[in-house]
2 protein chains.
Amino acid sequence: MLTEERQQIILEQLKIHNIVKLHDLIPLTGASESTLRRDLQDLENCHKLLRIHGGAQNVISLHEEPALSQKAAVHINEKKMIGQTAANLVQNHEVIFLDSGTTIQFMIPYLIEHTDLLVITNGVDNASMLADYNVNTFLPGGKLKSSTKALVGSNIIQTLENYHFDRAFLGTNGFSIEAGYTTPDSEEAAIKRLAIAQSNQAYVLSDSSKFSQVSFSRFATLDEVPLITDRLSEKESSILSKYTKITEAI
Amino acid sequence: MLTEERQQIILEQLKIHNIVKLHDLIPLTGASESTLRRDLQDLENCHKLLRIHGGAQNVISLHEEPALSQKAAVHINEKKMIGQTAANLVQNHEVIFLDSGTTIQFMIPYLIEHTDLLVITNGVDNASMLADYNVNTFLPGGKLKSSTKALVGSNIIQTLENYHFDRAFLGTNGFSIEAGYTTPDSEEAAIKRLAIAQSNQAYVLSDSSKFSQVSFSRFATLDEVPLITDRLSEKESSILSKYTKITEAI
DNA sequence: GTTTTTATGATTGATTTTGACCAAAATTGG
DNA sequence: CCAATTTTGGTCAAAATCAATCATAAAAAC
């Protein structure tokens, strides 16, 4: 049986059942477990399916809610603590910038402790949540990036140049000693960079799992912006503290 | 049975019964109590349900998909038809303005029929949904109004004055022969008025239940902007047609 | 015809998931 | 109010699944 044939069968099964188990595919294709694993990997790489433990499911699952995938839920407790720690830094009457992204989202419930805040954010989902919590919110205009639902582009850059923040809270896709804070999208990086420049004090929020992860575009070095993260190992902590100011959420 | 499968079953049950007991899930899934507990935990973490003693219930959150919220669900089929009719008016390569609000939201799934659209909207929830459907979207900057999640204020007014649209699609809180199209918030009315002025062609979308409802602030008279609505009674239809151009969605 | 590349299946150890168990907490029913 | 019951969160070991590696066989390139 040819590779194409097998993969066709997999996709057919997926159309019918929405979910397919790896073990059910073995008799259907006559291929080995290893081969089928590779097939699933390939198909996932071209976004034809989504791998799950034990098999695969359709990309556009019927029940999938785009807001928070299971993946986002992995470090949920860490993120909650980080969010609370960050929110505690805020003072009443301040103007703060909130980045897009789920890590930052966890700050929002704790922001209501403070009175008379004005929040500027480039994340539409975060904006929506801020509205739910009745926080004064302002959105700078911009192009909406589909994948991350963040506002980007020259328009928002121009807008932010006219603003000044008491504090800015930023997400990141990775941080490492050599590469600093990095993110895959250079347009988003530009906004993060500007938010740092326009604020009296900026912070990066990240759970410790992103330590030593490197992405394409750097928006700050570690010594430029302090990091708020959850408990690092003692080794990690001692290494990092030479390069940046760390606040560990407990 | 795979993890995803079980969790889908749980969510299905939840959709049907609004509440589900842990013990009822055991025979339905064939999984152990422990496993189902973990499933409930996972699903709660991504806000798909709310755990309660002995089981789980639907999340009543404001973050729920707005399409399914109770208020929106009343005239859901009418709104779908209206949304489809309105979306059919759009041509490829056009720049269109979409108002905030749930009625307008129903246009979005039908917009993907058209290529190379640019959509400007003042509704952050609509913007989020447009991103899900991969539609080019631009948000004008502005203050976010908590209750309706619409962008308002002088900032967005200034921005919109510099733009021009091929078509604008607006929601309304009521329409009547004497009062025209009305909405409770004067700031939102100002934006609707401006969107009409800046577009080659504007439309108001409204299900027929809003006939003869009057709210505080008028943003257009009936003869200024055509109405897209669902089947009116013959009497209503004959009265209205003297004052405005009506498109009835079927 | 030989070498290189590619695809496959088997094996390994690591990771994840699972079900059972138990003590603590919450709920129920007097 | 207390006692009985149910539900819960945590830990644990077994089972399933996974990613990575390796050797072999087929196909392609030279």
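Here is how names work: the chains are called A, B, and so on, in the same order as the sequence lines, proteins then strands, and each is numbered from 1. Atom set for the values below is all heavy atoms of this structure, side chains included, hydrogens, waters and symmetry mates excluded.
- The separation between B:L36 atom CG and D:dT7 atom P is 13 Å, rounded to whole Å.
- A:T183 and A:K192 share no side-chain donor-acceptor pair at under 3.5 Å.
- The salt bridge (Lys or Arg N to Asp or Glu O under 4.0 Å) check on A:E94 picks up A:R167, with sequence neighbours excluded.
- Spacing between atom CG of B:D39 and atom P of C:dT17 amounts to 10 Å, rounded to whole angstrom units.
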Using a 3.5 Å cut-off and no angle test, enumerate the donor-acceptor pairs between side-chain atoms of residues 21-29 of chain B and protein atoms at least two apart in sequence or in another chain.
residue: B:T29; atom: OG1; partner: B:L25; partner atom: O; Å: 2.8
residue: B:T29; atom: OG1; partner: B:A31; partner atom: N; Å: 3.2

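- For the pair B:L40 CG and D:dG10 C1', the interatomic distance rounds to 16 Å; values are reported in whole Å.
- Every residue two or more places apart in sequence or in another chain that forms a side-chain contact (heavy atoms from CB on, under 4.5 Å) with A:I157 is listed here: A:E161, A:A190, A:I191, A:L194.
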For every nucleotide of nucleotides 12-29 of chain D, 5' to 3': is a protein heavy atom under 4.0 Å from its base (B), only from its sugar-phosphate (S), or from neither (-)? -----SBS----------
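- With sequence neighbours excluded, the residues that form a side-chain contact (heavy atoms from CB on, under 4.5 Å) with A:T115 are A:N92, A:H93.
- The ring pair (Phe, Tyr, Trp, His ring centres under 6.0 Å) test applied to A:Y163 returns A:F138, not counting sequence neighbours.
- Over its length, the helix from C:dG1-D:dC30 to C:dG30-D:dC1 turns its helix axis by 40°, as judged from the five terminal pairs at each end, rounded to 10°.
- By the salt bridge (Lys or Arg N to Asp or Glu O under 4.0 Å) test, B:E113 pairs with no residue at all, sequence neighbours left out.
- Not counting sequence neighbours, the partners of A:S206 by the side-chain contact (heavy atoms from CB on, under 4.5 Å) test are A:T172, A:F175, A:K210, A:L227.
- Dashed line: the shortest gap from a side-chain N or O of A:T35 to OP1 or OP2 of C:dG9 is under 4.0 Å.
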